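Accompanying notes for the structure given below.
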Protein chains: 4
Amino acid sequence: MLQDPHSMDHKKEKQAAIFEAACSVIREKGFHQARIVDIARHAGISYGLVYHYFGSKADLFDAISKEWWDGLYAMMDQCESQPASIDDRLAMIVNYFLDLYERRPNLVHVFIAEISRSTANLTPARLEFFTRFFDRTERIMAGAQDLGTLRKDVKPRYLTYIFLGALEGFISTMVMGEQLLKGREQRKRIARGILDVFFYGASASGQD
Amino acid sequence: MLQDPHSMDHKKEKQAAIFEAACSVIREKGFHQARIVDIARHAGISYGLVYHYFGSKADLFDAISKEWWDGLYAMMDQCESQPASIDDRLAMIVNYFLDLYERRPNLVHVFIAEISRSTANLTPARLEFFTRFFDRTERIMAGAQDLGTLRKDVKPRYLTYIFLGALEGFISTMVMGEQLLKGREQRKRIARGILDVFFYGASASGQD
Amino acid sequence: MLQDPHSMDHKKEKQAAIFEAACSVIREKGFHQARIVDIARHAGISYGLVYHYFGSKADLFDAISKEWWDGLYAMMDQCESQPASIDDRLAMIVNYFLDLYERRPNLVHVFIAEISRSTANLTPARLEFFTRFFDRTERIMAGAQDLGTLRKDVKPRYLTYIFLGALEGFISTMVMGEQLLKGREQRKRIARGILDVFFYGASASGQD
Amino acid sequence: MLQDPHSMDHKKEKQAAIFEAACSVIREKGFHQARIVDIARHAGISYGLVYHYFGSKADLFDAISKEWWDGLYAMMDQCESQPASIDDRLAMIVNYFLDLYERRPNLVHVFIAEISRSTANLTPARLEFFTRFFDRTERIMAGAQDLGTLRKDVKPRYLTYIFLGALEGFISTMVMGEQLLKGREQRKRIARGILDVFFYGASASGQD
DNA sequence: GATGAATGAGTGTTCATTCAT
DNA sequence: AATGAATGAACACTCATTCAT
């Protein structure tokens, strides 16, 4: 199957290879410093071929962006589809991020460093992705407030910012410092820490 | 009085004007898209003059970076110098950020979007600024744990990430959405929200 | 046959074309006045292509420099390798210069006007090329002194300076005045003049 | 007298200071690399003042050029005005160059490196200076041929090129290698070498 | 006379993109 | 599909020159 260069698989494989190379190079040098030549070289192909599989540098970036948001929204679909406690729901989000960082650190890195902060090219369309994600998280928070599981004196929007901010802050720091998650154990501890503090606070009284 | 172009004041003013123009343009277009011409035009001068006051585009960026860190470290000095409860200390940090965002949104924006995530050109020297800031915050957290004010079952480093992450997440969202703080009242509510959730948790039990 | 732009030959030809264009433009305007656009235009290509074949303007200049020294040293190798009288050896040097000026006046011009006098950027490495050439010529002179063919009361180093100076002076003047060698006859007369005067002096008694 | 800043002397002194600074900087960096700022700094004044005393960078260069040619022609006047043997006349020229190099190495350096080879901006007017100098030297050579002191089988023009070439070659080498004349003794030996070889040849038979 | 802030033409270089092979 | 030669828009930066003070 893989021998046939005309198969759909072959095309997808090549595309995926370029995709990964792009993530890797963009992670290392940033979007603007990442040259098409670098990406092609990293993928082991000629740079002309990049244009065969992706129309332009911007398209390549859009593909990465899409990959990120598709995955995130798929997780959110699952998160909201079934009845679950607020603890479980937020745990699902936290674990999704940590999981993804273990499996595809380059993708997460690119999101953190390039997508999440690129005010520069932040078209309304791009902003929409963020807004929708925040809205859905807010809905989860609001639902838990309605059920009486979350405190009501802080706006659900604020809870969203705090929760996602704490999570992203954690990821960012790992990304910035290039620290890798060392094993399942550490990941659990981190997830536990974030969720515990978010639910019960950092105050000493919270742990008793 | 200000007519004398040779006076020290005049020089500082011009430099400050270019500085602000740079923040503004970089905020709008991102560092790489920000052309020196744009900055000059925004400051109402010829672009050659930018090079008279700042050696290069990188120098200009370094100046912005320095401005940010100088301010932040000055605040941290104050924060650590006097005896205070953990609540007061963290409130000081939160308020510093929110304050600065009110007074100099462009500077904060540039930090959030360009400095805090520029993994690309993250030299060890630049990383050092972050590390030191995290270290100092961690020390505050650890101190409060020793005093029994903060829970001990979460590493002080993690508490740091969660706290600063939540704070930065909040700021980021404002920055990304170009939302301005609407009045002292809203700022207080936000500060209260972040600190409350961090200390006592988002759980409904925390508010009782 | 030459249609294949990927062949080695094609590449070498293009490079050579740019090389010659560079010599020509540099000859006409001097190194600093020679713009890459000029060179490209002269070679009938876009200026971006110059960077495809040569890394930078400096590289282009280095290539010219290398071409010059390679040729000169190859001649010197031949000059020193076989047993020959001092007359023949120096004749070989003189003829090499005059020959080259006929075949590649631009190259000689660039050497005379740009390389041989660029004290400005005279790195130790560049100086080395001159020193080695002088050293080898000096060795030839010293050898002839040992054999009793050249007078011993003038240091071989001085003889070198005088001989090469006279030769270069001649070439320079042609270069400066843009005079072309008019035929084999004139070239012979010039070579004869330089060698005769060097060996037997300009004094009237020398010709008897 | 020197106290009066309005005196002619003061102006001339300032001009001379700038002139010397220009020679020095141009010698060190070449004409195109020599910035007005460098020259001003070297002269201990502000760069604006350079424009007060010299109209432009080109004017400054012209002044240097004029200084060179004025001196040279003054010497030639003397050389030709009185009856003298060809030996004495050529000795006068040789000594003039060596003398000047001792007294004003920067000026000589600038001539060798910048004026004598600047084909780039070689206007007919500039070329005229060279031509006239060569013509006058040629006339001296021709005169000696008529008197039977110099061999007639080499064109006087060629003798000129050979003689001045040898002389300039010597100077150039000193200039390039930054070798300074070490004392009166060495200068005499060099002058003797150049003249001896020019008159009697380098051949061993010439010295017997 | 003296200063240096201000200007902007000029140019080397990069790199996304196209396209002939 | 695959290659890489070819193109040229875009931009940082330099520096001679002017001129208000």
Side-chain angles (χ1 to χ4, degrees), chain A residues 4-7 10-11 14 32-41 44-60, chain B residues 3-7 10-11 14-15 32-40 43-60, chain C residues 3-7 10-11 14-15 32-40 43-60, chain D residues 4-7 10-11 14 32-41 44-60:
Chain A
D4 179 8
H6 296 277
S7 74
H10 179 262
K11 181 170 180 178
K14 267 286 165 68
H32 283 101
Q33 270 61 43
R35 293 171 304 164
I36 296 290
V37 199
D38 296 327
I39 294 170
R41 200 131 50 199
I45 58 171
S46 77
Y47 59 84
L49 207 52
V50 173
Y51 287 88
H52 189 80
Y53 289 102
F54 295 89
S56 71
K57 196 183 175 185
D59 287 355
L60 192 44
Chain B
Q3 331 304 32
D4 179 9
H6 292 258
S7 76
H10 180 265
K11 184 168 181 176
K14 263 291 165 68
Q15 229 165 2
H32 283 101
Q33 270 60 43
R35 293 171 306 164
I36 296 290
V37 199
D38 296 327
I39 294 171
I45 58 172
S46 77
Y47 63 85
L49 204 53
V50 174
Y51 289 90
H52 190 81
Y53 288 101
F54 295 91
S56 69
K57 198 180 172 184
D59 284 357
L60 193 43
Chain C
Q3 330 304 31
D4 180 8
H6 292 256
S7 76
H10 180 266
K11 185 168 181 177
K14 263 292 164 66
Q15 228 164 1
H32 282 100
Q33 270 60 43
R35 294 170 304 164
I36 295 290
V37 201
D38 297 326
I39 294 171
I45 56 171
S46 77
Y47 62 85
L49 204 54
V50 173
Y51 288 89
H52 189 79
Y53 288 102
F54 296 90
S56 69
K57 198 181 174 185
D59 284 356
L60 195 43
Chain D
D4 179 7
H6 296 277
S7 74
H10 178 263
K11 181 170 181 179
K14 266 288 165 67
H32 283 101
Q33 270 62 44
R35 295 171 302 165
I36 296 289
V37 199
D38 296 326
I39 295 170
R41 199 131 51 197
I45 58 170
S46 76
Y47 58 85
L49 207 50
V50 174
Y51 288 88
H52 189 80
Y53 288 102
F54 295 90
S56 69
K57 197 184 174 185
D59 287 354
L60 191 43

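Proteins come first, then strands; the chains are lettered A, B, ... in the order of their sequence lines, and each starts at number 1. Here the structure is a predicted model, which means the values were calculated and not measured.
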* Measure the distance from CD1 on D:Ile39 to C1' on F:dA16 and round it to the nearest whole Å. => 11 Å
* **Interatomic spacing from OH in D:Tyr53 to CG in D:Asp59 - rounded to 0.5 Å** => 16.0 Å
* To do: Using heavy atoms to find the nearest nucleotide of DNA chain F for D:Gln33 and B:Tyr51 separately, return the residue whose nucleotide is more 5′.
  => B:Tyr51
* To do: Report which part of the nucleic acid D:Tyr53 touches: base, sugar-phosphate, or nothing (heavy-atom distance under 4.0 Å, all strands).
  => sugar-phosphate
* What integer distance in Å separates A:Phe54:CZ from E:dA16:P? -> 15 Å
* **Value in whole Å for how far the P atom of E:dA9 lies from CD1 of B:Ile36** => 18 Å
* 5′-ward residue of the pair B:Gly55/C:Lys14 relative to DNA chain F -> C:Lys14
* Can you tell which of E:dA6, F:dG8, F:dC13 lies closest to the side chain of C:Ser46? -> F:dG8
* Asked: Checking all strands, does A:Ala34 fall into the base, sugar-phosphate, or nothing category for heavy-atom contacts under 4.0 angstrom?
  -> sugar-phosphate
* Asked: Roughly how many Å is it from NE2 in B:His32 to P in F:dA10, rounded to a whole number?
  -> 18 Å
* Asked: Does A:His52 put a side-chain nitrogen or oxygen below 4.0 Å from OP1 or OP2 of F:dA2?
  -> no
* Starting at CG of C:Leu60 and ending at P of E:dT13, how long is that distance when rounded to a whole Å? -> 10 Å
* Structure fact -> Here the distance between atom C1' of F:dT14 and atom NZ of C:Lys57, to the nearest Å, is 13 Å
* To do: Compare all side-chain heavy atoms of C:His52 with those of C:Leu49 and state whether any distance is below 4.5 angstrom.
  => yes
* Structure fact -> Using Watson-Crick geometry (N1-N3 plus N6-O4 or O6-N4) or G-U wobble (N1-O2, O6-N3), each under 3.5 Å, E:dT21 is paired with F:dA2
* Asked: About how many Å separate OH of A:Tyr47 and CD1 of A:Ile36, when rounded to the nearest 0.5 Å?
  -> 11.0 Å
* Asked: How close or far is atom P of E:dT11 from atom CZ of C:Arg35, stated in whole angstroms?
  -> 5 Å
* **Options E:dT14, E:dA6, F:dA5, nucleotide nearest the side-chain atoms of C:Tyr47** => E:dT14
* Nearest-neighbour nucleotide for the D:His10 side chain, E:dG1, E:dG12, F:dT7 considered -> E:dG1
* Any-strand Watson-Crick or G-U partner of E:dT13, both distances under 3.5 Å -> F:dA10
* Asked: Knowing that exactly one of A:Ile39, A:Ile45, A:Val37 qualifies, which makes a side-chain contact (heavy atoms from CB on, under 4.5 Å) with A:Arg41?
  -> A:Val37
* Structure fact -> Taking E:dA2, E:dA6, E:dA16 as options, the one with an atom nearest any side-chain atom of B:Leu49 is E:dA6
* Shortest non-hydrogen contact from C:Lys57 to C:His32? -> NZ-O, 3.7 Å
* Starting from P on E:dG12, measure out to CG on C:Asp59 and report it in whole angstrom. => 14 Å
